[in-house]
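Inspection log for the structure reproduced underneath, given as structure tokens.
Bear in mind the structure is a predicted one, so any value in this text is a computation, not a measurement. Residues: numbered from 1 along the sequence shown. The figures here come from the full heavy-atom set of this structure, side chains too, leaving out hydrogens, waters and symmetry mates.
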Amino acid sequence: MSLTRKGAATKQRIVEGAAEEIRSQGVFSLRLEDVMARTATSKSQLFHYFPGGKDELLLAVARYEAARVIDDQQPELGSLTSWTAWWQWRDKVVARYREQGSDCPLHVALSQLGTVTDAARTVARELLRQWQDQLAAGIRHMQGIHEIDPALDADGEAAALLAGVQGGVMILLSTGGAEHLEAALDRGIAHLRKSSPERVGGALPSGGECGSSGRCTAW
């Protein structure tokens, strides 16, 4: 559907309003009437932009929330050019999910759609691909400045780090605790750092040390 600027703004307002409704009331309590009231739109307007009704709107919300996952990690995720930047990104991810707690709008929207649907899978794949690509770009940059072993497969390392993060997020959603997410990030980054040609075998130069969490101090 080709939209005018005003139409695109109206559609986006409906999506954002539905996302806010899910955040405040939960996906299972979502009613189109409440979305219309929140966004000051009529039933005819809502179905004009979302002829598939609630499922189509939920898919749009899932895409919106997926984009927010990436946007909320910026500018750190797109600027992984030093170890300080990597730890800043780590802290931002942990803070985001700690603040969010067990209420993940993206997760509940995808769950309501059903993870077996092609549309829901596409949203999840797009999110993970964008996330992994930016992590891999950061790893390649660090390889280029000799801070990570150039022999490492950047895409594979990014995939493993992202898998650890997602596992930690799922545990956080189930328990409310961020310890596993923190451990996945700390160990993943420490693994990359210890691969540096200057730290063969995990040896650290004078002035640096790693704590039990695997997080290393700057030197």
Heavy-atom pair with the smallest gap, counting every atom of [X] and [Y]:
X     : Y      : answer
Trp87 : Arg193 : NE1-NH1, 3.7 Å
Tyr97 : Leu181 : CB-CD2, 3.9 Å
Gly53 : Phe47  : CA-CE2, 3.7 Å
Phe50 : Ala60  : CE2-CB, 3.7 Å
Lys11 : Leu3   : CD-CD1, 3.8 Å
Thr81 : Ile145 : O-CD1, 3.8 Å

Do side-chain atoms of Arg13 reach the backbone of Thr39 as a donor and acceptor pair under 3.5 angstrom?
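Yes: the side chain of Arg13 pairs with the backbone of Thr39.
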
Where the side chain of Gln143 meets the backbone of Asp149, is there a donor-acceptor pair that is under 3.5 Å apart?
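Checked: pair present.
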
Can you name the side chain to side chain contact (heavy atoms under 4.5 Å, CB included) partners of Ser82, sequence neighbours left out?
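Applying side chain to side chain contact (heavy atoms under 4.5 Å, CB included) to Ser82 gives Thr84, Ala85.
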
Evaluate Trp86 against Asp91 for side-chain contact (heavy atoms from CB on, under 4.5 Å), listing each step before the verdict.
CA-CA 9 Å; Trp86 277 86; Asp91 291 343; over 6 Å; no

Find the distance between [atom1] ([X]) and [atom2] ([Y]) and round it off to the nearest 0.5 Å.
X      : Y      : atom1 : atom2 : answer
Leu80  : His141 : CG    : NE2   : 9.5 Å
Thr10  : Gln45  : OG1   : CD    : 6.0 Å
Ile171 : Glu179 : CD1   : CD    : 10.0 Å
Lys194 : Ile189 : NZ    : CD1   : 13.0 Å

Can you establish whether the number of heavy atoms outside Glu99 located under 6.0 Å from its atom CD is more than 12?
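No, CD of Glu99 has 12 or fewer neighbouring heavy atoms, counting only those of other groups under 6.0 Å.
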
List the atom pairs, donor and acceptor, that lie under 3.5 Å between side-chain atoms in residues 155-168 and the rest of the protein, sequence neighbours left out.
from, atom 1, to, atom 2, distance (Å)
Asp155, OD1, Arg140, NH2, 3.0
Asp155, OD2, Arg140, NH2, 2.8
Glu157, OE1, His191, NE2, 3.0

One thing to verify: whether Asp34 and Arg38 come together as a salt bridge, which I'm taking to mean a side-chain N less than 4.0 angstrom from a carboxylate O.
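No salt bridge links Arg38 with Asp34.
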
Kindly indicate, with the supporting measurements, whether the criterion side-chain contact (heavy atoms from CB on, under 4.5 Å) is fulfilled by Glu56 and Tyr49.
CA-CA 9 Å; Glu56 186 173 349; Tyr49 295 111; over 6 Å; no

Is the shortest side-chain heavy-atom distance between Leu32 and Lys54 below 4.5 Å?
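Yes, close enough: below the 4.5 Å cut-off.
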
Mind checking whether Met36 and Ser42 have side chains closer than 4.5 Å, heavy atoms only?
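No. Closest side-chain heavy atoms not under 4.5 Å.
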
Kindly determine whether Arg63 and Glu126 satisfy salt bridge (Lys or Arg N to Asp or Glu O under 4.0 Å), including the steps that lead there.
CA-CA 9 Å; Arg63 290 188 183 280; Glu126 288 174 353; 2.8 Å; yes

Can I get a per-line list of side-chain donor-acceptor pairs under 3.5 Å for residues 66-78, giving both atom names and the distance, sequence neighbours left out?
from, atom 1, to, atom 2, distance (Å)
Asp72, OD2, Arg96, NE, 3.1
Asp72, OD2, Arg96, NH2, 3.4
Gln73, OE1, Trp89, NE1, 2.7
Gln73, OE1, Trp131, NE1, 3.1
Gln73, NE2, Val69, O, 3.0
Gln74, OE1, Gly78, N, 2.9
Gln74, NE2, Gln134, OE1, 3.1
Glu76, OE1, Lys92, NZ, 2.9

